[in-house]
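For reference, the structure discussed in these notes is given below.
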Protein chains: 2
Amino acid sequence: MTIESASNKLKKFFIQQRRLPSYAEMCIIFGFASKKAVFDLVNKLIEAGLLEKDSKGKLSPKRLFSIPQLGIIKAGYPTPGEALADDSVDLYEYLLNLPGAIFSLIVKGDSMIEEGINEGDVVIVDKYRTPQNGDVVAACVDNEWTIKYYRKNNAGVHLVPANPNYPLIFPKGDLMIGGVVISVIRKYH
Amino acid sequence: MTIESASNKLKKFFIQQRRLPSYAEMCIIFGFASKKAVFDLVNKLIEAGLLEKDSKGKLSPKRLFSIPQLGIIKAGYPTPGEALADDSVDLYEYLLNLPGAIFSLIVKGDSMIEEGINEGDVVIVDKYRTPQNGDVVAACVDNEWTIKYYRKNNAGVHLVPANPNYPLIFPKGDLMIGGVVISVIRKYH
DNA sequence: ATATACAGTAAACAATCGTTCACTGTCAAT
DNA sequence: ATTGACAGTGAACGATTGTTTACTGTATAT
C-alpha cells in the first residue's frame, strides 16, 4: 500500500462521508487485517504532511485537500519571472471561511462580461454586506433579478452594466439589493 | 442555545479542526455540563437537515457548508423570469471532487481579460488533461509561464491571448503545456 | 547460512465514544 | 395550586476508539 494510493482512498472516503475513517474502517478500506498496519501507515501519512493530529490526538486532513499554489502566472507578455513558488493555497479553507449569510446564483447573459463575469459562472452573494460604490451587486429591479455595478450619487442609486452595450438602470419602482457579489467561480467543461 | 448559534459554533470548529467535535467537546463548545443536552441538540440539528448520521451512526456535516443556490440571474436585460429556485449547490463537494493532479496559479496581467480571467484571479490547472483546441492552458514558453488559448493546426501549436492587444505566440523553442485551466476563482475585496 | 530490516497479524489495554436512564428545576397554561 | 412540557444535570452502559506489545513471515544483504 503506497502513500499515494492510501491518500487517494482516504480522500474518496472523506468526500463521501465528510469525515476521516476510524482505524477499524481503514482496515477495510486498505485491506488490512490489523489496526497496527493502519497505525503505521497513518504515521507515514502524517510524516508526509497529508494528515495531522491535533492536540487531542484526533486525526484530520491537512494537505489532503490543499491545492499546491505554484506561483504567479503572467497573463500578459511572458516576462522573465521568478521560479514558481512552492506555496499552497487551501481552497477548502477559503470556501469554508465564507460568511454565513450567502447564496449563489448562476449567471445568464453577458452584461457583466467586461468585469470577467461570464454566462454560466456561479456568483456567490453576501446578503448582508453593505454595497459600496463600484461593487458588483445582485439586485432586484422592478421584480427582476440582475447583476450590475452599484453606483450611488446625490441623485440616488443606479445600476451600471460592465458591458456598454447595455443601458444604465435607474430603478423606477423599488430597488432591492440582494447582496454584494463576493466571489465568482467558473468551471470549464 | 438556538440551532442557529449551535450550527455556527460547529461550523467554526469544523473549519479549524476539519472534523466535527465529539459530544464531550460539544459540551465545552456549547457550554453544557451534560452530554445528554448535546445529544438532544444534535438531534435537532439532524432534524433541521444540518447534520446527518451515516449507516454506522457517525456524525457528519450535511447542509452545514452548502450554499443555497437561489436560481439563475440575468446579467443582461432584466427579463421576466421564474421565481428563484430553492436548490442548493454544494461548493464544498465541488471543490473536493476536483481531480488529484491539480495546482493553482494567481493570474497577473490582462491578456486573458476577454475570457473573463482578470488580474488576481486564481486559476486551477489540471496537469494531465490533454488540451483541446480552444482550451485555456497554462504553458511554459521559452522558460516563461503564461496563460493563453491553445490552438493547434497542421502548422503546429500556437498560443492565442484573449486580449487582441497582445500578439499570438509561436513558440520558437520548446513549448511545455503545464496543464488545462479547469476552473477560475475570483474573490472580491 | 545467518542476520537484519520491513510489513503485517493477533490480542490486549485504558480511554473515550454515543446513548440511555432517572432526576431536577423552570416556566406557562389551566 | 396543580399539571405538563421543556431543557438540562449527572451517572452509568456497552461498544468502539487509538495505541501498544509480542509474534510471524518474507525478502535482502552480508
Side-chain angles (χ1 to χ4, degrees), chain A residues 1-66 90 92-93 96 100, chain B residues 1-66 92 96 100:
Chain A
M1 174 70 48
T2 67
I3 287 190
E4 189 91 11
S5 151
S7 88
N8 280 339
K9 287 177 178 175
L10 287 184
K11 214 165 156 175
K12 186 184 260 178
F13 187 98
F14 195 93
I15 289 170
Q16 285 175 349
Q17 310 281 350
R18 304 187 173 200
R19 62 179 175 87
L20 284 178
S22 70
Y23 284 30
E25 290 170 320
M26 289 191 211
C27 278
I28 301 169
I29 295 174
F30 295 149
F32 288 140
S34 166
K35 286 195 284 182
K36 167 66 156 51
V38 169
F39 184 80
D40 294 343
L41 185 53
V42 164
N43 279 336
K44 284 185 186 168
L45 288 166
I46 292 174
E47 276 183 35
L50 293 164
L51 300 179
E52 67 180 346
K53 283 186 188 168
D54 62 18
S55 54
K56 291 199 53 174
K58 301 274 183 174
L59 228 48
S60 68
K62 193 181 173 189
R63 300 241 166 178
L64 209 52
F65 295 103
S66 73
D90 205 330
Y92 183 96
E93 196 161 342
L96 264 45
Chain B
M1 173 71 48
T2 66
I3 287 189
E4 188 89 13
S5 152
S7 88
N8 281 338
K9 287 176 177 173
L10 287 183
K11 214 166 157 177
K12 186 184 259 179
F13 187 98
F14 194 94
I15 289 170
Q16 286 175 349
Q17 311 281 349
R18 305 188 172 199
R19 62 177 176 87
L20 284 179
S22 69
Y23 284 31
E25 289 171 320
M26 289 193 212
C27 278
I28 300 170
I29 295 174
F30 296 149
F32 287 141
S34 167
K35 286 196 283 182
K36 167 63 157 51
V38 169
F39 185 79
D40 295 343
L41 185 53
V42 165
N43 280 335
K44 283 186 188 169
L45 288 166
I46 292 174
E47 275 182 37
L50 293 164
L51 300 178
E52 68 181 344
K53 283 185 187 167
D54 61 19
S55 54
K56 291 199 52 175
K58 303 274 184 174
L59 228 49
S60 69
K62 193 180 174 190
R63 300 242 166 177
L64 208 51
F65 295 104
S66 72
Y92 183 95
L96 264 44

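Proteins get letters first, then strands, A, B, ... in listed order; numbering begins at 1 in each. Values below: all heavy atoms of this structure, side chains included; hydrogens, waters and symmetry mates excluded. Every value quoted in this text rests on a predicted model; they were computed, and no experiment measured them.
For the pair Lys53(A) NZ and dT16(C) P, the computed distance is 15 Å after rounding to whole Å. When the P atom of dG18(C) is taken as reference, atom CG of Asp54(B) falls 12 Å away, rounded to whole Å.
Contact between Leu20(B) and Phe13(B) at its shortest, heavy atoms only, is C-CE2, 3.9 Å. Residues Leu51(B) and Pro61(B) share a closest heavy-atom pair of CD2-CA, 3.9 Å. Contact detail for Tyr23(B) and Leu59(B): the closest heavy-atom pair is CE1-CD2, 3.9 Å. Of all non-hydrogen atoms in Gln17(B) and Ser60(A), the two that sit nearest each other are O-CB, 3.1 Å.
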Using a cut-off of under 3.5 Å, enumerate the N/O to N/O pairs linking the protein to nucleotides 25-28 of chain C.
none

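Close approach of DNA chain D to chain A, defined as any atom under 4.0 Å from a non-hydrogen atom of the protein, starts and stops at dT17(D) to dT21(D).
No side-chain heavy atom of Met26(A) sits under 4.5 Å from any side-chain heavy atom of Phe32(A). Contact check for Lys53(B) versus Ile46(B): side-chain heavy atoms found under the 4.5 Å cut-off. Counting heavy atoms from C-beta outward, Ser7(A) and Leu10(A) have side chains that stay 4.5 Å or more apart.
If you take OG on Ser22(A) and CD1 on Ile28(A), they are separated by 8.0 Å, rounding to the nearest 0.5 Å. Taken to the nearest 0.5 Å, the CG atom of Leu41(A) stands 8.5 Å off from the OG1 atom of Thr2(A).
Residue pairs meeting the side chain to side chain donor-acceptor pair (under 3.5 Å) criterion with at least one member in residues 27-50 of chain B, sequence neighbours excluded, are Lys36(B)-Asp40(B).
Partners of Glu25(A) under the salt bridge (charged side-chain N to carboxylate O under 4.0 Å, His left out) rule, at least two apart in sequence or in another chain, are Arg19(A), Lys56(B).
In the region residues 24-44 of chain B, proximity to DNA chain D at under 4.0 angstrom, judged on heavy atoms, holds for Phe32(B), Ala33(B), Ser34(B), Lys36(B), Ala37(B), Lys44(B).
Axis angle across the helix from dA1(C)-dT30(D) to dT30(C)-dA1(D), with five pairs used at each end and values rounded to 10°: 10°.
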